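The next block holds one structure in the form of structure tokens; read it before the comments.
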Amino acid sequence: MKQEFIFIGPPGSGKGTQTKILSKEYNLPHVDTGSLLREEVASASKEGELAKQFIDKGQLVPAELVSKIIKNRLLKEDCKNGFILDGYPRSIEQAELLDKILKEIDENTNTSIKVFYFEIEEKKLIERLVNRRTCSKCGAIYNLKTMEIKDKNRCEKCGGELTRRKDDTEEVAKKRFDTYFQETEPLIDFYKKRGILITINADNDIKSIYEKLKGAIK
Ligand code: AMP
């Protein structure tokens, strides 16, 4: 059975951290639209230049562009047994496009889709975001406030440089929350009505959240 997981939650709710662990343990690719878009921006492609204008303002990149990127990614060989979608879909429009994409891709396959909603109060999130650092080499995620890190500039796993995302400033983070509440939150009802939504309390430590997640997958 092909396993397809969708992670929904506000910026900084810990979706990326949990996906990385789950992805390793279940051998499923971590498909993260934020990273795919940042790669596109770094490559200075036409699509990347367009995406940058929205990312820098904390707005959603147009649905057609993201869906094209997602479809290309989901067609790759490593997604044939399933995948974890982190940060996609982020609007009803994208969820409807995803339905179409999955119909095309999974036509004759037996699949199981589960949607995890990472629930956490907004006021806890800004602090998480401004203290978030990402390893520029291996992508590990750190929080300067809640984790004990010897050198705040170096990754403890691979020695890579820890960087702060450009859109993790307080100003852009606030805009990203507005976008989340307006565009993404309606997805909670959308998937609840289908009976595939599982709510996870994201205001907990990494290990406890992961245990809950694993328990819900079985
Ligand atoms: P993230 O790394 O998930 O926080 O995403 C960073 C930024 O990339 C967002 O603020 C959006 O501008 C853009 N982005 C990521 N995923 C999507 C998506 N599914 N649809 C539109 N824009 C996205």
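Order of listing sets the numbers, starting from 1, for every ligand and every atom in it. We're numbering straight along the sequence, starting at 1. Quick caveat, the model's predicted, so the values are computed rather than measured. Just the heavy atoms: all of them, side chains too, but no hydrogens, waters or symmetry mates, feed the values below.
Protein heavy atom closest to atom 16 (N) of ligand 1, with residue, atom name and distance, is T33 OG1, 2.8 Å. Taking atom 22 (N) of ligand 1 as the reference point, the nearest protein heavy-atom neighbour is V61 N, 3.0 Å. The single protein non-hydrogen atom nearest to atom 8 (O) of ligand 1 is I55 CG1, 3.8 Å, given as residue, atom name and distance.
A salt bridge links E170 to K174: one of the charged nitrogens lies within less than 4.0 Å of a carboxylate oxygen. Between K114 and E4 there is no salt bridge, since no side-chain N of the basic residue sits under 4.0 Å from a carboxylate O of the acidic one. Classification of D106 and K80 as a salt-bridged pair fails, no side-chain N sitting under 4.0 Å from a carboxylate O.
Of the heavy atoms in R165, only side-chain atoms (C-beta onward) come closer than 4.0 Å to ligand 1. Residue-level proximity to ligand 1 for V66 is carried by the side chain, the only part with a heavy atom below 4.0 angstrom. Residue-level proximity to ligand 1 for L37 is carried by the side chain, the only part with a heavy atom below 4.0 angstrom. When non-hydrogen atoms are compared, ligand 1 lies under 4.0 Å from the side chain of D167 (C-beta onward) but not from its backbone.
Atoms of ligand 1 found under 4.0 Å from any heavy atom of R176 (numbered from 1 in listed order, with element): 4 (O), 10 (O). Against a heavy-atom cut-off of under 4.0 Å, G87 is close to the following atoms of ligand 1: 16 (N), 17 (C), 18 (C), 19 (N). The ligand atoms of ligand 1 that sit less than 4.0 angstrom from a heavy atom of Q94 are 18 (C), 19 (N), 20 (N), 21 (C). Short contacts between ligand 1 and L60, defined as distances under 4.0 Å to a heavy atom of the residue, involve ligand atoms 21 (C), 22 (N). For ligand 1, the atoms sitting less than 4.0 Å from at least one non-hydrogen atom of Q59 are 11 (C), 12 (O), numbered in the order shown with element in parentheses.
N143 and I149 make their closest contact through O-CD1, 4.1 Å (heavy atoms, listed as atom of the first residue, atom of the second, distance).
Look at R38 and you'll find a heavy atom under 4.0 Å from some atom of ligand 1.
The closest donor-acceptor contact from the side chain of R165 to the backbone of L129 lies at 3.5 Å or more, if one exists at all.
With 3.5 Å as the limit, one finds a donor-acceptor pair spanning the side chains of E25 and Y210.
The residue from K166, K52, R90, E183 that puts a heavy atom closest to atom 5 (O) of ligand 1 is R90.
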### Derivation of the side chain to side chain donor-acceptor pair (under 3.5 Å) call for Y88 and S67
CA-CA 9 Å; Y88 184 88; S67 299; 3.0 Å; yes
### Task
Show your reasoning for whether side chain to side chain contact (heavy atoms under 4.5 Å, CB included) applies to K166 and K52.
CA-CA 11 Å; K166 243 182 103 189; K52 188 176 182 308; 3.8 Å; yes
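Under the 30°/60° scheme for interplanar angles, the aromatic rings of Y26 and F5 are found to stand perpendicular.
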